[in-house]
Protein chains: 2
Amino acid sequence: MALTERKLRILEAIIRDYIESAEPVGSRSLSKKYELGVSPATIRNEMSDLEEMGFIQQPHTSAGRIPSDKGYRLYVDKLMEIKQTANKNRVRIRSDILKKYGELEQLLEYTSRVLSEFTQYTSIVLAPQVKKSRLKQIQLARLSDETMLAIFITNTGLIQNPIFKIPADMKHEELEKISNFLNEEFAGSTLEEIEVRMADNLKKELAKFHNTVYALLPEMFKALEQVSDVTLYLSGTTNIFNFPEFNDLAKARSFLNLLEERKTISELISRQDSDYLNVSIGTENKIQEAKECSIVTTTYSLDQQTVGQLSIIGPTRMDYDRVMSVLSQVSKMMNQILKEQ
Amino acid sequence: MALTERKLRILEAIIRDYIESAEPVGSRSLSKKYELGVSPATIRNEMSDLEEMGFIQQPHTSAGRIPSDKGYRLYVDKLMEIKQTANKNRVRIRSDILKKYGELEQLLEYTSRVLSEFTQYTSIVLAPQVKKSRLKQIQLARLSDETMLAIFITNTGLIQNPIFKIPADMKHEELEKISNFLNEEFAGSTLEEIEVRMADNLKKELAKFHNTVYALLPEMFKALEQVSDVTLYLSGTTNIFNFPEFNDLAKARSFLNLLEERKTISELISRQDSDYLNVSIGTENKIQEAKECSIVTTTYSLDQQTVGQLSIIGPTRMDYDRVMSVLSQVSKMMNQILKEQ
DNA sequence: AATTAGCACTCACTGTTTGAGAGTGCTAAC
DNA sequence: GTTAGCACTCTCAAACAGTGAGTGCTAATT
């Protein structure tokens, strides 16, 4: 069966209406509300076809139709056009974020908040991946007789301070020497590059330092990598209560449970490198508990390198136009802000 | 009317039963389940008295009784004895926390998780207050032409890295000099002490440095104070769904909303200095949305100084015995771990 | 005087019934 | 190919009755 122009228009109307109302859409109300130029009976016939093709479905025999995941997919890929958020809003987003900008963490947290407030869904912001950041500066500082603090500052504004044990007999000057050496050697490199160099020829050069340093280095970089790979900022989790499809306690609970574990979240928002908007609809999600949700994800970059992600999660009945528009704008702004730094 | 021994025993039985079952307790089931040595009719009379005194109440005429906030208060203050969690559990808590100990942040996050898992309620862990910490070390590092990073390390293990603008013409050596000066001058002091000294005689000594340093210092310490005063770790927020009193969407929502804003949380868990267990029951809470919750709070300390807080929040029908026992043990352990550092 | 048995009464809760409303699919007419 | 008409389906909300747990009161018992 062919997807005629008229079928597409009807499908679009159904999806628009359902996104707005959350109620199954009937033929009569459809013909009244939208100028389709045909009678309810005709719409019924078309709807019957659309159902057969899998784009819409009936909750029960005598109800209207609701879009299926396949329907939303078609809508997102072909029918929808991303609205340009009105200029006023755009400016407001911009200055809102800038106003609060201090450290990276605050920027991320605030971005997350802005995203959830603007979309009214739940937002997830992933901090820059350390792997892809360049080390800007390394500092070592003694904390106590047996511990030292390593400070890593990256080009993304990420600051990490892992703590390590060191031998009590290591002198202050020695620490400083090592610190200088590390800076000369590694500043400007990514972790990936460092790994390669570590495996290579570095061993000899390190030999001139205290033995433990050599043992410590891999540990240091590993710690750096691990800690921040899971750093994320959530906002608007309770917005889920605004949606009738989660009016069921079990569903609301399952959604919130999903978000309570970092591990599940990062499974959900699998790292992506493409810098365009990625949409995962309902059953396209791998995790069982998210089969009634849609997730829209985009990235933000620094130096042409994708470093982190911005996501919105909500019901499959999501206002894709708006969400995608807000996400793409906020992403552009983050790119700019990070560049300005 | 006097609170006879028998009345107290009946009240205790009612509270115990209600904490367990969440169902209004009737006279007949009470006499069957507990060995009170009197008939249901007698219990009814006593219950009627207890209600008149305000310790219990009826949801409606023909239902059993449930404890009032006043009843819980009496129970917590007079009737209850804090159970000693079985030794096995105690050891498990201990090694669990220690195993994960790396940085302070991880310790706090993990403590929060352990608390919520052991109690099955929601836990809130407040990071050490900077005001009460002693500065251990200060480091300044240039980030770019116009920005520098200040690193503050406190005796509580707290590390903060605020970023500041500095004049482009400030030289590396100058920064190092200032850094050394600050360390000599302030290491070992609390922020409160520093404030006093700043107001005092410090101006002259600072004069020998670059002018901007003088302007920067107050800002630096203020930033330090502000940021971390609101740092908190939440865990087990969705446990609320396990309790029938929150089976109502509106109530669950209002509870979760309460926890989404840091500001409300810190209002809820107002800073306290007494190092013993503090219990706030239902209407004793100032915030409207928490009038059906109870909050148990204790503190943890370093060097005889209370620095942070541990809280459990749940329904007023809370297993106070268990919660207080777990909290007091975890608090002791944190004290020990912080000391060992 | 305190306790208890007996009894009428109350009220939430559950399951059933009923009617209304929205929507469909089919058939026959346009 | 499109549409009007109609019987049919299914959810939802309101009304209703029966059940059970619990109470308060009274009178008998210890």
Side-chain angles (χ1 to χ4, degrees), chain A residues 1-11 13-15 17-18 20-68 244-245 247-249, chain B residues 1-11 13-15 17-18 20-68 244-245 247-249:
Chain A
M1 201 175 330
L3 257 179
T4 61
E5 177 62 25
R6 190 169 71 186
K7 281 195 173 61
L8 285 175
R9 276 179 57 211
I10 290 175
L11 178 59
I14 293 172
I15 294 180
D17 200 77
Y18 186 67
E20 195 187 316
S21 71
E23 297 288 333
V25 188
S27 56
R28 208 174 116 76
S29 63
L30 206 59
S31 86
K32 258 199 260 176
K33 204 162 161 190
Y34 300 84
E35 311 246 315
L36 294 165
V38 286
S39 76
T42 310
I43 295 178
R44 276 206 288 284
N45 290 329
E46 296 286 48
M47 279 169 129
S48 178
D49 291 349
L50 283 169
E51 183 168 4
E52 207 180 310
M53 288 186 272
F55 294 111
I56 55 180
Q57 58 199 71
Q58 270 184 304
H60 57 265
T61 345
S62 70
R65 305 302 211 292
I66 62 174
S68 67
E245 44 265 74
N247 263 354
D248 174 9
L249 261 176
Chain B
M1 200 175 331
L3 257 179
T4 60
E5 175 63 25
R6 191 169 72 185
K7 281 194 174 57
L8 284 175
R9 276 178 56 210
I10 289 175
L11 177 59
I14 292 172
I15 294 180
D17 200 76
Y18 186 68
E20 196 187 317
S21 71
E23 296 289 333
V25 188
S27 56
R28 208 174 116 76
S29 63
L30 206 59
S31 86
K32 259 199 256 175
K33 204 163 160 189
Y34 300 83
E35 312 246 316
L36 294 165
V38 285
S39 77
T42 310
I43 296 179
R44 275 205 287 285
N45 290 329
E46 295 287 48
M47 279 170 128
S48 176
D49 290 351
L50 283 169
E51 184 169 4
E52 206 178 310
M53 287 186 271
F55 294 112
I56 55 180
Q57 57 198 72
Q58 271 184 305
H60 56 265
T61 345
S62 71
R65 304 305 212 290
I66 62 175
S68 67
E245 44 266 75
N247 263 354
D248 175 9
L249 261 176

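First the proteins, then the strands, lettered A, B, ... as listed; each starts at 1.
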Rounding to a whole Å, what distance do you find between [X]:[atom1] and [N]:[atom2]?
{"X": "A/Gln57", "N": "C/dG23", "atom1": "CD", "atom2": "C1'", "answer": "17 Å"}
{"X": "A/Arg44", "N": "D/dT9", "atom1": "CZ", "atom2": "P", "answer": "16 Å"}
{"X": "A/Ile56", "N": "C/dT24", "atom1": "CD1", "atom2": "C1'", "answer": "12 Å"}
{"X": "A/Lys7", "N": "D/dG1", "atom1": "NZ", "atom2": "P", "answer": "11 Å"}
{"X": "A/Leu30", "N": "C/dA22", "atom1": "CG", "atom2": "P", "answer": "16 Å"}
{"X": "A/Ile43", "N": "D/dA4", "atom1": "CD1", "atom2": "C1'", "answer": "14 Å"}
{"X": "B/Glu46", "N": "D/dG24", "atom1": "CD", "atom2": "P", "answer": "13 Å"}
{"X": "A/Lys32", "N": "C/dA22", "atom1": "NZ", "atom2": "P", "answer": "9 Å"}

Q. Between the base of C/dT10 and the side chain of B/Ser62, is there any donor-acceptor pair under 3.5 Å?
A.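 Under the 3.5 Å cut-off, the side chain and the base do form a donor-acceptor pair.
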Q: Using atom types as modelled and distance alone, determine if a side-chain donor or acceptor of A/Ser27 lies under 3.5 Å from a backbone N or O of A/Ile43.
A: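 Pair absent, no side-chain N/O of A/Ser27 close to backbone of A/Ile43.
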Q. Quick check: are there more than 12 heavy atoms from other residues, nucleotides or ligands sitting under 6.0 Å from NZ of B/Lys32?
A.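 Counting neighbours around NZ of B/Lys32, 12 or fewer heavy atoms of other residues, nucleotides or ligands fall under 6.0 Å, so no.
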Q. Under the side chain to side chain contact (heavy atoms under 4.5 Å, CB included) criterion, do B/Leu50 and B/Arg65 qualify, and how do the steps go?
A. CA-CA 10 Å; B/Leu50 283 169; B/Arg65 304 305 212 290; over 6 Å; no
Q) Nearest nucleotide by nearest heavy atom, which residue falls closer to the 5' end of DNA chain C, B/Asn45 or A/Ser29? A)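 Final value for this comparison: B/Asn45.
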(Q) Can you work out whether B/His60 or B/Pro40 has the more 5'-proximal nearest nucleotide on DNA chain C? (A)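 Of the two residues, B/Pro40 wins.
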Closer than 4.0 Å, any side-chain N/O of [X] to the OP1 or OP2 of [N]?
{"X": "B/Arg65", "N": "D/dT23", "answer": "yes"}
{"X": "B/Ser39", "N": "C/dT4", "answer": "yes"}
{"X": "A/Arg6", "N": "D/dG1", "answer": "no"}
{"X": "A/Arg28", "N": "C/dG21", "answer": "no"}
{"X": "A/Thr42", "N": "D/dT2", "answer": "no"}

Proximity to the side chain of [X] - top-ranked nucleotide from [options]:
{"X": "A/Met47", "options": "D/dT23, C/dT24, D/dG24", "result": "C/dT24"}
{"X": "B/Thr61", "options": "C/dT10, D/dT9, C/dT24", "result": "C/dT10"}
{"X": "A/Val38", "options": "D/dT3, C/dG23, C/dG25", "result": "D/dT3"}

Q) Which heavy-atom pair separates B/Ser29 from B/Gly26 by the least distance, and what is that distance? A)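 Reported closest heavy-atom pair: OG-O, 3.2 Å.
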Q) Which atom pair, heavy atoms only, marks the closest approach of A/Tyr18 to A/Pro67? A)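 The pair with the smallest heavy-atom distance is CD2-CD, 3.4 Å.
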